[in-house]
Structures are given as structure tokens and as C-alpha cells.
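Before any comments, here is the structure.
Just so it is clear, the structure is predicted and the values come from calculations on it, not from any experiment. Per chain, numbering begins at 1; letters A, B, ... match sequence-line order.
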2 protein chains.
Amino acid sequence: MDLRQLRYFCAVVREGHFGRAAASLGIAQPPLTRQIQNLERRLGIELLHRTQKKFEVTQAGLLLYERARRLLDGADQAVDDVRRLGSGETGRLTVGFAPSNAFTLLPPVVTRFRSAYPDVELELRQLTTSNLVTSLESGSLDVALLRPPLSSRSLQIVTLIREPFLALVPSTHRLAARRAMQLRQFAGEPFVMYSRAGLPLLHARVMDMCRRAHFSPRIVQYADQIHTVAGFVDAGLGVAIAPSTVTRFNMPGLRILQIAETPVPLAMAMAWRTGTATGLVRNFTRIAREAAAAWQAAQPREAA
Amino acid sequence: MDLRQLRYFCAVVREGHFGRAAASLGIAQPPLTRQIQNLERRLGIELLHRTQKKFEVTQAGLLLYERARRLLDGADQAVDDVRRLGSGETGRLTVGFAPSNAFTLLPPVVTRFRSAYPDVELELRQLTTSNLVTSLESGSLDVALLRPPLSSRSLQIVTLIREPFLALVPSTHRLAARRAMQLRQFAGEPFVMYSRAGLPLLHARVMDMCRRAHFSPRIVQYADQIHTVAGFVDAGLGVAIAPSTVTRFNMPGLRILQIAETPVPLAMAMAWRTGTATGLVRNFTRIAREAAAAWQAAQPREAA
DNA sequence: GCCTTCAATACCTTCTGGGTATCGACAATG
DNA sequence: CATTGTCGATACCCAGAAGGTATTGAAGGC
């Protein structure tokens with residue numbers, strides 16, 4: 001069977017006239033006549049009963065017309081659905097994210113994606129960074145939001161945003177009125193630190209900053225979430241260093257200062273399996289980039 | 001959309017291997033590769049994700065596979081149904097018949113047709129000869145069994161059987177022991193005659209025979225069915241002339257003789273609209289011819 | 001490290017589908 | 001009654017697509 005011939009036949013039946021049917025199909029009349037003849041020959045059935053100059057549709061022709069219309073509609077629908085699925089307008093996308101961005105980048109990305117692709121079923125999974133990587137590699141995640149660095153030849157990584165590090169002091173602190181400070185001014189200060197287990201990357205980064213500033217922090221408290229650290233500083237337990245996300249917290253006893261040394265910012269990235277060319281992932285990464293740019297653009301006025 | 005490409009794609013997905021798929025399709029591998037590429041290009045979607053040497057079916061490809069299989073099945077089914085309808089293996093056929101053959105030719109024809117084409121819906125209508133003709137011409141009948149002659153340019157007529165006329169006498173009649181007789185021997189005999197209203201053709205034919213034999217029948221009784229006429233003769237009311245159907249009746253008091261003049265036999269014919277080329281009519285007329293031949297073949301040993 | 005396997009590519013041939021010109025037949029119309 | 005217009009069918013030509021053969025390039029198995 002050939003859908004072209006069915007399409008032609010339907011046009012002839014619908015128009016009741018070879019010339020008009022040919023015009024509606026955008027072809028000339030002779031090829032149309034021939035295709036109908038071919039169709040009849042192939043089926044071995046008379047579909048149109050010719051009575052010199054005019055024709056009438058036979059019973060068999062009428063049946064074929066009904067069936068053909070349904071087939072053609074089905075074919076169009078199938079093409080449409082496959083295109084939508086392939087282009088990522090529909091389907092199911094599993095997104096992994098680290099706890100660290102549950103309250104930062106994730107919400108705007110998800111919101112933006114949902115409104116752009118309402119027909120996509122979005123599944124969100126909070127995992128540790130190492131689990132994110134293995135899940136991405138095994139294919140149980142399509143894409144993940146996580147913190148670099150990460151080393152995996154099979155994953156594609158794009159940095160979405162870079163958060164500068166800021167210094168946190170209680171409002172009662174001697175530096176509270178300043179706009180900026182130097183890291184060595186925290187030497188000997190009671191220090192609120194990220195737990196090595198809960199936030200290994202932040203722990204390492206902050207420890208490294210202190211080391212570069214030639215002092216070892218006098219740690220008086222550990223916490224394993226950024227906003228917990230900020231909360232301890234707010235409560236006056238000590239000072240801390242945190243990514244600019246903290247400017248989003250509303251804590252009356254907290255003062256936020258710029259760091260003169262401007263440490264390498266804390267990056268947030270997005271990763272997916274290299275070679276994954278599905279429209280879903282393509283669309284999600286585009287949306288994520290847009291959301292990150294918007295987020296980044298909204299940040300500086302507070303963090304600058 | 002092109003069904004060929006869908007068929008090829010399904011084969012590739014089913015076999016999971018271009019070479020085997022090509023073999024199962026009866027084509028070489030390179031054209032198959034190209035067709036799949038064309039299909040992907042036309043849809044603008046990656047259906048098979050190639051990873052050097054092997055490939056895996058994408059989500060979109062899987063969806064297309066499901067849809068394509070249903071489309072292909074639907075197309076095959078449609079072709080099959082149309083073929084069956086067009087070839088007369090299915091559908092609805094309206095057959096008209098005259099009262100005169102309700103008990104002769106019609107039953108074997110219908111039986112034979114039913115067993116040959118059990119899926120055809122057969123509608124039988126008993127009508128007068130003139131109504132048969134007008135119904136055929138108007139299209140409300142597809143085919144009819146009737147007695148010639150009839151004149152209609154738009155109808156195709158085929159004679160199915162020819163029944164010789166026979167003479168009927170009661171077993172007490174002076175001719176009862178003879179095998180044959182001459183028509184003039186019925187001159188003056190009490191005669192059972194077909195009513196002009198009920199069986200105009202038989203009435204005319206018998207009257208004509210008598211006229212050709214130079215006598216006018218002394219009619220003592222009219223009847224409007226053949227078996228009623230035979231019944232009256234069986235009861236001893238008189239003699240009669242009847243078509244060979246009467247040999248099928250089992251009447252102890254009835255003797256059947258051949259007529260020396262061998263009048264032109266009584267024909268039974270079949271008619272349909274010229275130009276009607278539907279498989280149903282073609283099949284029915286073929287079956288009717290076969291049934292008539294069988295009926296005719298079973299006749300002579302009694303009527304000879 | 002060599003050989004096999006599998007899809008992709010290059011190139012050629014054939015056949016199918018579409019286009020133009022024209023025919024033949026019917027129908028309407030003056 | 002002749003003429004003209006309409007409609008489907010036919011004849012012929014051309015372009016493009018589909019299939020075939022030979023070959024390549026890259027992985028994977030021994």
C-alpha cells in the first residue's frame with residue numbers, strides 16, 4: 001500500500017472530479033488519473049465505475065475511502081506525536097539535583113521549564129553529588145544540576161552560574177558596619193563551618209581560602225546546610241563565609257560583607273550524558289541556561 | 001508519510017540489525033540505511049541513536065514503531081477488506097425472483113451461493129416480472145431470476161434453464177399408459193388451464209400450443225400455480241400441459257407424457273443491469289449458472 | 001594484533017511519478 | 001444540427017528516487 005495513492009484517491013472521491021482533485025493536490029490531472037488506475041490495478045478492484053466522461057464511486061471505493069481517511073489521519077497524528085516527543089515538547093524528563101540548589105537555582109529553572117513545556121512530565125530527584133553522577137551515567141537521570149568539579153568522560157557539563165563568596169558576621173560584630181573585609185581579619189574569630197560530611201565542597205573551599213590567607217579557622221560550630229550556617233551567624237555564634245545565595249535569606253542579625261580577595265566563585269553546573277540528543281534534554285538545558293542568566297542578572301545588585 | 005519507510009523502520013527495530021532487517025525485507029542493506037536516514041531527516045527527529053557500529057532505538061523511535069505497526073496493520077486490513085468487498089466475498093446482494101421459481105431454481109441457487117460466499121448478506125425479494133424489471137433498472141435489485149422474454153436495453157439477460165413442456169393426464173385416462181402423445185389428442189378433452197392473471201406467460205404459451213395444433217382447449221378449471229394445475233389433473237378433473245418441473249411432484253394419480261411436437265421449452269433466465277461489474281453480481285451469476293447446469297443435468301432422466 | 005562484523009558511503013542503473021500536449025466522447029447551447 | 005466546452009484517458013518526455021554492487025571505517029572478539 002502507498003499512502004500517496006490513498007491520499008489521491010480520497011481527493012478524487014471528496015471532489016468528485018479529477019480536475020479539481022488534482023488542483024487541490026497541487027498536481028496535474030493526467031498523473032492523478034494514472035495513480036488511481038494503478039491503485040485499482042494493484043487492488044484488482046474497480047473503485048470508480050467509469051461511465052464515459054463521468055464516474056461514480058463503487059461500494060468497494062466507498063469502503064476504501066473511509067478506511068483511507070482514517071489511515072491518513074492516523075499517519076498525520078503519528079508523525080505529529082513523534083515530532084513532539086522527539087523535539088521534547090512531550091515525554092518524561094528525570095532531573096537530578098543536589099541538596100545545595102534545592103532552594104536556589106532549581107525553582108526558577110523548573111518554573112520556567114514547566115511554563116514553556118507544560119506537556120512534559122518532569123520528575124525531580126534530590127541526590128548526593130556522587131549519586132547524581134552515577135545515575136546520569138547509568139541513564140536513570142536525564143540531566144542534573146550539581147556543583148563542579150566533576151570528572152566523567154561520558155558527561156557533558158555546562159556551568160550555569162557563579163556565586164561569589166561573601167563574609168558573614170553578626171550585626172554585633174566589629175566589622176558589621178563595613179562593606180568589605182579581608183579574609184585574614186577572620187583569623188582567631190569564632191568560625192561557623194560547613195560539615196565535611198554534609199557539604200564537602202564548601203568545607204574544602206572555605207578551608208582552602210583560610211589556608212591561602214595564612215590562618216586556620218577557630219571553628220566553634222559545624223552545620224550542614226548553608227542556611228543553617230547563616231542562622232548560626234545570625235544568632236551571634238561566630239563568623240562564616242558563604243556563597244551569595246545568603247543574600248536571599250532574611251535574617252535581621254546577619255551582616256554580609258564582600259571579601260577583598262574575591263575568591264574563585266562557587267559554580268553551579270548542569271550535566272547530562274554526552275551523545276544524549278533528545279529534544280527533552282536539549283530543551284531543558286536551554287531553559288536552564290536562560291533561567292540561570294536571569295538569576296545571575298538579578299543577583300549583582302545585592303552582591304556587588 | 002510513506003508507508004514503505006515505516007515498514008523498513010519497523011523491520012529495523014524488530015530485527016535490531018540493519019543487515020537482517022534488509023534480508024527480511026528482501027532488499028540490500030545500503031538502501032535500507034538510506035531510507036531510515038531519509039525518514040529521520042523528514043521527521044527532523046533522531047529515531048535510532050547510533051553509537052558507532054551499534055544503535056539503540058530512541059524514545060521517539062519506540063513511539064513511531066508502535067504507531068507504524070498499527071498503521072501498517074490497518075493498511076493491510078483495509079486492503080484486504082476492500083478486496084473482499086470488491087471481489088464479492090462480502091457485502092450485500094439483493095436478489096429478486098418471480099413466484100414461478102420460488103420452488104424450482106431459487107432454492108438450489110441460494111443454497112449453492114450461501115455455501116460458497118457465507119459472508120455475503122443475501123436479501124431475497126419475490127416480485128412480479130414487471131416489478132422485477134423496474135427494480136433492476138432502478139437499482140433496488142442487483143440481480144433477478146425471471147422468465148423471458150423481456151425487453152430492456154439496460155439489462156443483461158442470460159437463460160439458465162430450458163424446461164420442456166409435458167402433457168399431464170390422470171392415471172385413468174385413455175392415454176395414461178403411453179409414453180408420448182400429440183397435442184391434437186387433447187382436442188375436446190376437459191382441460192385444466194393456468195389463470196391468465198396468475199401465470200400469464202404459461203397461459204399464453206399453452207393457448208398458443210393449442211392454437212398451433214388447431215384446437216381450442218375445453219377449459220373446465222383454472223389454477224394459478226403449476227402444482228395446483230398438476231393437483232387438479234391428479235384428482236382426475238382433466239388434462240393439462242406443464243413445464244418439466246412437474247416431474248418433481250409426487251402425485252400418484254398423475255401420468256406425465258412427452259409431447260410429440262416438442263414445443264419451444266419454457267426458459268428461466270437471470271437478469272442484471274448492464275455495466276454492473278461488482279464482484280457480488282459476478283459471483284452470483286456464476287453460481288446461478290452452475291446451479292442451473294446441475295439442475296438441468298438432474299432433469300432429463302425423468303423428462304426424456 | 002589480526003580478523004570479523006556492521007553500518008555508512010560512493011557510484012551506477014532502473015523505474016516510478018509528474019509534466020505537457022492531445023485525443024475522444026459526451027453535453028450544452030446557439 | 002453543428003459547434004464549442006468539459007472531462008477523463010492516452011502518449012510521450014524528463015527528473016528524481018529507490019535499489020544494487022563495491023568499498024570504507026570503526027568496534028569487538030579471538
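Taking atom NE2 of B/His17 as the reference point, atom C1' of C/dT5 lies 7 Å away to the nearest angstrom. Nucleotide C/dA7 holds its P atom 9 Å from the CG atom of B/Leu32, rounded to whole Å. Between the CD1 atom of A/Ile36 and the P atom of D/dC7 there is a distance of 17 Å, rounded to whole Å. The CZ-C1' distance, from B/Arg50 to C/dA8, rounds to 9 Å in whole Å. Between B/Phe55 atom CZ and C/dA7 atom P there is a gap of 6 Å when expressed in whole angstrom units. Put simply, NZ on A/Lys54 is 12 Å from P on D/dA9, counting in whole angstrom units.
Side-chain contact between A/Leu71 and B/Leu3: absent, with no pair of heavy atoms (C-beta onward) separated by less than 4.5 Å. Looking at A/Val82 and A/Leu85, their side chains never come closer than 4.5 Å, going by heavy atoms from C-beta outward.
Of the candidate nucleotides D/dG19, C/dG19, C/dT9, C/dT9 has the atom lying nearest to any side-chain atom of B/Gln37. Minimum atom distance to the side chain of B/Tyr8 is reached by D/dG19, of the listed D/dG19, C/dA8, D/dT10. Candidate nucleotides D/dA18, D/dA9, C/dA8 were compared by shortest atom distance to the side chain of B/Pro30, and C/dA8 ranks first. Nearest nucleotide to the side chain of B/Asp2, out of C/dA8, D/dA18, C/dG18: D/dA18. Closest to the side chain of B/Gln29, out of C/dA7, C/dT20, D/dT10, is C/dA7.
Along DNA chain C, the nucleotide nearest B/Phe18 and the nucleotide nearest B/Arg34 are compared for position; the residue whose nucleotide lies closer to the 5' end is B/Phe18.
Distances shown here put every side-chain N or O of B/Gln35 at or beyond 4.0 Å from the OP1 or OP2 atom of D/dA17. Put simply, A/Thr33 has a side-chain N or O that comes within less than 4.0 Å of OP1 or OP2 on D/dA9.
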